[in-house]
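Here is the structure we will look at.
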There are 2 protein chains.
Amino acid sequence: MLRLTREKSDILPLVAEAFRAFGYEGASFSQITKLTGVSKGSLYHVFPGGKEQMAAEILAGINGWFVKNLFEPLETGEPNAALAHMWTEIDRYFHAGGRICLVGAFALDATREHFRAAIHDYFNRWVEALSRCLVRAGAEPLAASAFAEHTVLTIQGGLILARAIHDEAVFSRALRRLSDSAEALLACQTPPH
Amino acid sequence: MLRLTREKSDILPLVAEAFRAFGYEGASFSQITKLTGVSKGSLYHVFPGGKEQMAAEILAGINGWFVKNLFEPLETGEPNAALAHMWTEIDRYFHAGGRICLVGAFALDATREHFRAAIHDYFNRWVEALSRCLVRAGAEPLAASAFAEHTVLTIQGGLILARAIHDEAVFSRALRRLSDSAEALLACQTPPH
DNA sequence: AAGTCTTTGTAGACCGATCGGTTTAGACGC
DNA sequence: GCGTCTAAACCGATCGGTCTACAAAGACTT
């Protein structure tokens with residue numbers, strides 16, 4: 001079997017960057033071609049479904065990364081370790097605030113209609129996984145659920161504000177506040193030893 | 001002087017809704033025409049600068065509304081009243097989570113480059129006004145600044161998450177948590193009576 | 001090993017539709 | 001009837017998407 005000179009896995013991240021930079025509608029084929037160095041013909045060979053397939057596969061890839069690196073540890077690993085792991089991985093994944101969340105961006109524009117289910121599942125699972133992790137770590141279920149929602153939403157907001165005022169430190173500060181509040185939440189809610 | 005049959009002030013909010021629904025790139029003239037009931041010719045008569053002018057005037061209008069209804073009260077009014085006023089006005093303005101923040105949406109996509117200054121100023125002034133208000137209400141400057149940033153970012157994140165998982169209550173809960181933490185912040189930081 | 005076939009991937013010309021934007025003919029209020 | 005405003009025909013450019021011509025690389029035949 002002949003191998004692609006450029007693997008799909010090599011092209012996808014570049015296309016993702018195009019979507020990040022210009023949005024789904026704004027990322028035209030000429031932009032994508034320029035950014036990836038791959039011609040339109042090749043792109044359609046790899047992604048017969050066009051832009052929609054590209055976006056769908058990118059979302060699936062992002063979701064896969066989060067499931068493997070964040071959600072599964074949160075769901076099955078040692079709670080406190082998984083939590084600590086999440087803070088560092090999130091900071092790295094979003095380049096400390098310099099890289100926006102494509103799922104969040106898609107959630108805001110018209111793209112949402114096409115990928116509603118994928119977007120919904122991504123955020124729902126994140127909140128759920130985090131909430132259950134906190135409960136396993138000793139938090140009250142209600143407080144855990146609220147804090148999980150608060151966390152995911154803060155990360156999204158931090159990325160927006162950081163980009164808006166062109167100050168990535170906003171994101172790092174938000175992340176720091178989150179990990180601090182998580183510790184406070186668990187410290188005061190764990191049953192007294 | 002002849003008056004426009006439809007005033008610019010009548011058209012602008014409708015165009016804004018088109019941008020909200022489809023994004024700056026995604027909102028084509030045919031969409032805008034359909035949504036406003038105003039033909040392309042008329043639109044160009046009112047906005048010779050095309051979409052860019054529309055977006056600029058919309059951003060200016062949004063900014064004006066926030067300055068008048070939120071920032072100025074925060075900056076010059078009685079701090080606690082201004083704060084309480086902000087929570088209710090924000091909830092109303094964003095339709096309790098059902099309406100996204102256009103400035104935030106523009107901050108995420110390529111549009112940002114065109115309107116960088118407007119976006120930057122909007123968010124900066126919001127954070128600054130809120131921070132100074134909290135200081136005047138008795139908060140520590142550092143804590144006030146952190147909380148102001150936290151507030152603006154939470155509102156943006158709340159709008160994203162609410163739209164993403166199609167549950168407007170997410171936004172209301174976030175807003176409630178904000179006003180509660182604001183009270184806690186001021187209660188513990190005001191000098192003992 | 002040379003020559004051809006087949007399969008796979010690439011480049012970009014090409015397509016109709018639609019984009020943002022302009023122009024123009026005429027409707028309508030003064 | 002004059003000047004303002006509207007509707008829509010019209011423009012070149014570019015959109016997402018298709019198609020074709022061909023390059024590259026085994027596999028098969030001899």
Side-chain angles (χ1 to χ4, degrees), chain A residues 1-59 102 105-106 109-115 118, chain B residues 1-59 102 105-106 109-115 118:
Chain A
M1 173 194 171
L2 201 59
R3 303 192 60 80
L4 296 162
T5 46
R6 287 173 199 129
E7 293 280 346
K8 188 189 267 196
S9 57
D10 294 332
I11 303 177
L12 262 183
L14 295 172
V15 180
E17 289 313 311
F19 283 142
R20 267 182 236 275
F22 305 109
Y24 180 77
E25 312 280 355
S28 66
F29 266 90
S30 70
Q31 304 265 20
I32 296 173
T33 303
K34 205 178 303 173
L35 224 144
T36 58
V38 177
S39 73
K40 202 188 281 200
S42 304
L43 286 171
Y44 266 95
H45 179 76
V46 179
F47 306 101
K51 276 172 76 174
E52 187 145 341
Q53 182 182 354
M54 293 180 205
E57 293 203 17
I58 287 167
L59 286 181
L102 202 55
F106 278 13
D109 77 26
T111 315
R112 180 185 56 137
E113 297 310 319
H114 304 136
F115 306 112
Chain B
M1 172 194 170
L2 200 60
R3 303 192 63 79
L4 295 163
T5 48
R6 286 173 201 128
E7 293 279 347
K8 188 189 267 197
S9 56
D10 295 332
I11 302 177
L12 261 184
L14 295 172
V15 181
E17 289 314 311
F19 284 143
R20 266 181 237 274
F22 305 108
Y24 180 78
E25 312 281 354
S28 67
F29 267 90
S30 70
Q31 304 265 21
I32 296 173
T33 302
K34 205 178 301 172
L35 224 145
T36 59
V38 177
S39 75
K40 201 187 282 199
S42 306
L43 285 171
Y44 265 96
H45 179 75
V46 180
F47 306 100
K51 278 172 74 175
E52 185 145 343
Q53 184 182 351
M54 294 180 206
E57 292 202 18
I58 288 166
L59 286 181
L102 202 54
F106 279 12
D109 78 26
T111 316
R112 183 184 53 139
E113 296 310 319
H114 304 137
F115 306 113

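Here is the naming used below: chain letters follow the sequence lines, and residue numbers restart at 1 for every chain.
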Less than 4.5 Å apart, any side-chain heavy atom of [X] and any of [Y]?
X: A:Leu102; Y: A:Tyr24; value: no
X: B:Lys51; Y: B:Phe19; value: yes
X: B:Glu52; Y: B:Phe115; value: yes

Would you say a side-chain N or O of B:His45 is under 4.0 Å from OP1 or OP2 of D:dC5?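 Yes, such a contact exists.
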Reckon B:Ser39 has a side-chain N or O less than 4.0 Å from the OP1 or OP2 of D:dA8?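 No, outside the criterion.
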Minimum heavy-atom distance B:Leu59-B:Ala118, with the two atoms named: CD1-CB, 4.3 Å
Minimum-distance nucleotide to B:Tyr44 side chain [options: D:dG17, D:dT6, C:dG21]: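 It is C:dG21.
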Given atom [atom1] of [X] and atom [atom2] of [N], what is their separation to the nearest angstrom?
X: A:Phe47; N: D:dT18; atom1: CZ; atom2: P; result: 15 Å
X: A:Lys34; N: C:dG12; atom1: NZ; atom2: P; result: 14 Å
X: A:Ile32; N: C:dA11; atom1: CD1; atom2: P; result: 16 Å

Mind checking side chain to side chain contact (heavy atoms under 4.5 Å, CB included) for A:Thr33 and listing every partner two or more places apart, or none if nothing turns up?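 A:Thr33: side chain to side chain contact (heavy atoms under 4.5 Å, CB included) contacts with A:Leu43.
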Heavy atoms under 4.0 Å, any strand shown: does A:Gly50 hit a base, just sugar-phosphate, or nothing? sugar-phosphate
Expected rows: protein N/O vs nucleotides 11-15 of chain D N/O, under 3.5 Å:
{"from": "D:dC15", "atom 1": "OP1", "to": "A:Ser28", "atom 2": "OG", "distance (Å)": "3.2"}

Suppose we screen for ring-ring contact (aromatic ring centres under 6.0 Å, His included). Which residues come up paired with B:Phe29, at least two apart in sequence or across chains?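 Partners of B:Phe29 under the ring-ring contact (aromatic ring centres under 6.0 Å, His included) test: B:Tyr44.
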